[in-house]
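Each remark here refers to the structure printed beneath this line.
Everything numeric here is computed off the predicted structure, so don't read it as measured data. We name chains A, B, ... by the order of the sequence lines, and we start the count at 1 in each one.
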Amino acid sequence: MVFTSFIFYLFFPTVFVLYWFVFQRHLKAQNVLLLVASYFFYGWWDWRFLSLVAFSTVLDYTMGRLIGAQEDDRKRQWLLWVSLGLNLSLLGFFKYYNFFVTSWVDAWASVGVHMPDATLHIILPLGISFYTFQSMSYSLDVYKGRLEPIKDFLSFATFVSFFPQLVAGPIERAVHFLPQVTKPRTFDYQRGVDGIRLMLWGMFKKVVIADNLAVFVEQIFRGYEHMSSITLVLGAVYFTVQVYCDFSGYSDIAIGTAKLLGFELMSNFRFPLLARSIPEFWSRWHISLTTWLNDYLFTPVSLSLRNLRKNGIALAILITFLVSGIWHGARWTFVIWGLVNGLLFIPYVIKGRLMQRAEVVAKGKWFPTLTEALQILMVFGLWTLTLVFFRAESLPIATGYFKAMATHFSGPILFKTGIVYVVVLFILDWINREDERNPKVLRIGPRGFRMAVELGMTIVVFFNMLSGYKEFVYFDF
Amino acid sequence: MTHDEVLAKLQEVFRKVLNDKTIVLTPATTAKDVAGWDSLSHVMLVVEIEGAFKKRFKAREIQNWQCVGDMITSLLNA
C-alpha cells in the first residue's frame, strides 16, 4: 500500500479511529494494532515478503539480548558480526546477487572467457534496504553500549515494522524511537493538525510536482539521442526536482502520519536544494541515511585511518559514498554516482572547510545575497549532473546523455512547461525554508486565507491523484 | 597532569583545529555546543589530541566520548 493510493485513505482513518478511540487506554493493545496494521500495510504489496521483515525483527531482537547479556568483549563482537552478517546476506541475496553474477560473467567475457549465466529471477522486496538498516542499527547501538537491550518483543517488532516509515524511511534509530513505543501516547490536537498539514504538503510535492515532472523526465531520458542540449539540461533539472519532491514528499507524509499517531520521526530533508556547499547539502539530504552511514561507517573507518590525517578522512569519505551509492541500487551507475559525490566532497576536506553548522540561508530576509544565490546555483548544478548517473539505466546511457548534452546545440527546446513546476517548488521551498516540519505556506495569513490555501491544495492533489498512481522512486531501493 | 591542566590543553587543541580562538571548554561541553565540531573535524581533533598528549586511544574508547569530560577521563586514565 502506498500513501498516494486511495486505499490508504480508507486504511489510515480506520487505524486512527481504533488507535485513539478503542485502544487509547491500553498501550499494549495500541502496539498490537500498530504491528498488525504495519504488516497489513506491507502485505498489501506482497504478503510473502512479510517473512523477511519478521526474520530481521527476530534476528536483531535475539542478537540484542545476547549481546547485552554477554560480558566477554570477543564474544560480544562475534555476536555482532553474526547479526550484521545475516542481515547483509539477506540484503545481498535479494538486492545484489544478480548484479554480482552479471558483473562476474561480464568481467570474464571481457578477457574472452565465457562463464555460464547463473542469474536468478529475484523480486526486490519493498523497503528491504530501509528496514534492514534500521534493524541493524539496534544491534550496533546495543553493542556500543548506547542502548540497553529491550525485553519487550512487541515494542521491538513495532519499531522495526512501523508502517509510516517501513518502506522508504526515515530510517529511525532505536535510541530515538523505542522510548516512544514503550511509553503511553496522548493525542495532541496541535500535533495532529501539524501532521495533517505536513501530509498535505508532502502529497503536493509528490503527486503534483514529482509525478508531473516524471512524465517529462521519462520522455527526455528515453529519447535523449534525439534531444537538443537545452532539452537535456531541462531533463536533468526536472529529474533533480522530481526525485527531491518524490522522496522528501514521502518523508513528509511519513512524519505527518506518525504525528497523527503520537510519534515524532526524525527529519529526513532540510531544503537541500538551497544548500550553499556540498557538505551543507549532505547535512540536508536524506539525513537519516547520511547520519546512519556517518555513525556506523564513516566514523569507525576514519578513526582507523586517522594516521593518514586528511588523506585518511578523504579515503573514508570515498568509501562511505561508495557504500551509499551501492545502497541505492545494484547498478554500476549508482557506484559511479556515489564515487562522484565523494570526489566532490574532497576539496572541502583539503581546504579544511568541513561540515559547518547549516544555518538557514538568508534568515529573515526576502532574498539571498548574490554570493549565496551563486553558491546555491553551483551546488544545484553539480548535484543535477551527478543525478544523470542516478537516473540513467546504464553507464553507456549516462555517458551518451552527457555527450548529447555537450554536442546537440541545435534543435527545438521541448517540454518547457516543466519549468513551471521547478519555479513553483523553489518559491514554496524558499518560503518554507526556516522549518521543514511546519510548512510556512500553510500558515500564512488569517484563518480564512489559510483554509482556502489548504482546500485549494487538497483539490489540486485530489485531481492529480485521479490521473493514476505513480510509484515512489525510492521504492526501488 | 591535573584535571584543569588537561582541560586547558584540550582547549588549545580545539582552538587550533577549529580555527576559533573564542572556544571555551568545560567538562560538560558537547559537540552541539561548539560550532564546527562535527564528525569530520572530530577525527582531526583526535589526531591533534593524541599528538599533543602523546597518547593513543582505542577506536571504541573514542566513540564512547559524549563530552569533553569523557575526553579528560580517558587522558587522565591513559
- Query: So which bits of residues 17-24 of chain B come within less than 4.5 Å of chain A, counting non-hydrogen atoms only?
  - Reply: none

- Message: Is any side-chain heavy atom of B/Arg56 closer than 4.5 Å to one of A/Asn307?
- Response: yes

- Query: In terms of heavy-atom pairs under 4.5 Å, which option from A/Leu303, A/Ile317, A/Leu305, A/Asp295 contacts chain B the most?
  - Reply: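 Counting heavy-atom pairs under 4.5 Å, the top option is A/Leu303.
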
Does [atom1] belonging to [X] count more than 12 external heavy atoms closer than 6.0 Å?
X: A/Glu148; atom1: CD; answer: no
X: B/Glu5; atom1: CD; answer: yes
X: B/Lys9; atom1: NZ; answer: yes

- Just how far is it from atom CZ of A/Arg306 to atom NE2 of B/His42, taken to the nearest 0.5 Å? 9.5 Å

- Task: Let me know if A/Ser302 has heavy atoms under 4.5 Å from chain B in its side chain, its backbone, both or neither.
- Result: both

- Item | Residue part contacting chain A, namely of B/Gln66, when any heavy atom lies under 4.5 Å |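 When you check distances to chain A, no heavy atom of B/Gln66 falls under 4.5 Å.
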
